Amino acid sequence: MSNKIFFNLDDLFISVGIDVGADFSWMSIALPNQQFVGKPYKILHNSIDSLTTAVSKIKEAEELYSLESRIFLESTGIYHYPLFCYLRDKGFNCSVINPIITKNNTNINTRKVHNDRFDSKKAALVGLKPDLKVSLMPSDLALNCHNSGGN
């Protein structure tokens with residue numbers, strides 16, 4: 001009896017993990033074999049150049065490895081809404097994950113390391129899990145309320 005594991009190539013994707021903060025976020029890109037592409041990238045929310053560079057890095061990885069990407073943003077109050085919308089509007093498959101799931105599902109390192117770069121790597125690895133529970137929230141209705149400024 002063989003212990004070979006077969007993968008459906010249609011199910012393979014690049015996982016982009018984003019640890020969201022108030023003013024900036026850290027992004028890591030992981031391949032299906034759990035190897036990382038480059039170093040974590042700091043996205044400055046108020047810089048269009050920084051946002052454009054993040055999109056370019058994701059697209060470069062997609063082209064280099066001939067795989068689609070899926071983006072997983074850790075839910076952090078309201079801070080992930082603008083970045084979620086920006087990336088979704090750029091055509092990316094975006095999901096929101098609960099930070100508790102990230103912390104409970106990773107054993108990347110047994111030491112209790114906590115920093116935003118590391119957390120973006122954990123989010124990317126968690127995104128590769130086939131049984132991951134995600135939300136496609138925020139819903140358009142919630143986003144419209146948020147974007148209207150209460151008008």
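Note that these values count all heavy atoms, side chains included, but never hydrogens, waters or copies made by symmetry. Predicted, not measured: the structure shown is a model, and the values here were computed from it.
The shortest heavy-atom contact between L128 and A30 is CD1-CB, 4.2 Å. In terms of heavy atoms, S25 sits closest to V20 at OG-CA, 3.3 Å. When all heavy atoms of L125 and Q34 are compared, the closest pair comes out as CD2-CB, 3.7 Å. L12 and L67 make their closest contact through O-CD2, 3.7 Å (heavy atoms, listed as atom of the first residue, atom of the second, distance). For the residue pair H45 and L51, the shortest heavy atom distance occurs at O-CD1, 3.7 Å. Among all heavy-atom pairs drawn from F92 and S69, the shortest one is CD2-OG, 3.5 Å.
Between the CG atom of L87 and the SG atom of C94 there is a distance of 5.0 Å, given to the nearest 0.5 Å. Interatomic distance, NZ of K57 versus CD1 of I29, reported as 7.5 Å (0.5 Å rounding). Taken to the nearest 0.5 Å, the NZ atom of K90 stands 13.0 Å off from the SG atom of C85. Distance CG/D19 to NE2/H80: 12.5 Å, rounded to 0.5 Å.
The shortest distance between side-chain heavy atoms of K59 and V55 falls below 4.5 Å. F13 has its side chain out of reach of P32: every pair of non-hydrogen atoms, C-beta onward, lies at least 4.5 Å apart. Contact check for I18 versus E74: no side-chain heavy atoms found under the 4.5 Å cut-off. Side-chain contact between V37 and I14: absent, with no pair of heavy atoms (C-beta onward) separated by less than 4.5 Å. Residues N93 and I71 have side chains not in contact (no heavy-atom distance under 4.5 Å, counting atoms from C-beta outward).
Listed for the S120 side chain is a donor-acceptor partner under 3.5 Å among the backbone atoms of R117.
One hydrophobic cluster, built from ILVMFWY side chains closer than 4.5 Å, holds both F84 and Y41. Residues I97 and W26 do not share a hydrophobic cluster, clusters being chains of Ile/Leu/Val/Met/Phe/Trp/Tyr side chains in contact below 4.5 Å. When hydrophobic clusters are built by joining Ile, Leu, Val, Met, Phe, Trp and Tyr residues whose side-chain heavy atoms come closer than 4.5 Å, directly or via intermediates, F24 is not grouped with F72. In terms of hydrophobic clustering, with Ile, Leu, Val, Met, Phe, Trp and Tyr side chains grouped at heavy-atom distances under 4.5 Å, Y79 and L44 are assigned to different clusters.
Within a 6.0 Å radius of OH in Y86, more than 12 heavy atoms belonging to other residues, nucleotides or ligands are found. D23 CG: 12 or fewer foreign heavy atoms inside a 6.0 Å radius.
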